[in-house]
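Computed from a predicted structure; not experimentally measured.
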Amino acid sequence: MTPAELIAALPEGRLPPALTQMNAADLLLLFGAGLLVAAVLSLLAAPFFAYRPSRRALVRATRGMPPQERVLAIGRLLGHLPARLRAMAYGSAPPLAPAEIERIALKARRPRR
């Protein structure tokens, strides 16, 4: 039995004939609904696919700062201040060379919790 025969076998008044067939307006409505769903899903997924600069690039971005401010900025980037940079951050040790600060920051591991 084909779908048309099945619909024809239904009692009168059960389904209006306009609901049994797809026309151009229905297809456009479905296409528009699909576009809206795709737009909402892409907005929800966008934060997961956003570009995040590497730790190396973030540390290099601090190069033009004065040494003490640079060490504090690196501490904010890393989430902790490496032990070898702590004295310099508080002004109790002489400033290190910029390349040395960068090397220490890039070798620093995340603190264990």
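Applying the side-chain hydrogen bond (donor to acceptor under 3.5 Å, both in side chains) criterion to R103, with sequence neighbours excluded, gives E100. Every side-chain contact (heavy atoms from CB on, under 4.5 Å) that T2 has, sequence neighbours left out, goes to A4, E5. Partners of L30 by side-chain contact (heavy atoms from CB on, under 4.5 Å), not counting sequence neighbours, listed by chain and number: M22. Residues satisfying the side-chain hydrogen bond (donor to acceptor under 3.5 Å, both in side chains) criterion with Q68, sequence neighbours excluded, are absent altogether. A93 is linked by a side-chain contact (heavy atoms from CB on, under 4.5 Å) to A87, counting only residues two or more places apart in sequence or in another chain. Annotation: side-chain contact (heavy atoms from CB on, under 4.5 Å) contacts of A61 (sequence neighbours excluded): none.
Residue pairs meeting the salt bridge (Lys or Arg N to Asp or Glu O under 4.0 Å) criterion with at least one partner in residues 23-48, sequence neighbours excluded, do not occur; the list is empty. Annotation: salt bridge (Lys or Arg N to Asp or Glu O under 4.0 Å) contacts involving residues 30-46, sequence neighbours excluded, are absent. Within the structure, salt bridge (Lys or Arg N to Asp or Glu O under 4.0 Å) pairs that include any residue of residues 57-71 comprise R60-E102, R63-E102, R70-E102 (at least two apart or interchain).
Screening L72, L96, L81 for a side-chain contact (heavy atoms from CB on, under 4.5 Å) with M88, the sole residue that qualifies is L96.
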May I have the list of side-chain donor-acceptor pairs in residues 47-56 shorter than 3.5 Å, sequence neighbours left out?
| residue | atom | partner | partner atom | Å |
| --- | --- | --- | --- | --- |
| S54 | OG | A57 | N | 3.2 |
| R55 | NH1 | A108 | O | 3.3 |
| R55 | NH2 | L106 | O | 3.0 |
| R55 | NH2 | A108 | O | 2.9 |

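With a 4.5 Å cut-off between side-chain heavy atoms of Ile, Leu, Val, Met, Phe, Trp and Tyr, the cluster of Y90 takes in none. Through ILVMFWY side-chain contacts below 4.5 Å, L28 is grouped with nothing and stands alone.
With rounding to the nearest 0.5 Å, the separation of CD1 in I104 from CZ in R84 is 4.0 Å.
Considering all non-hydrogen atoms of both residues, A105 and I74 come closest at CB-CG2, 3.5 Å.
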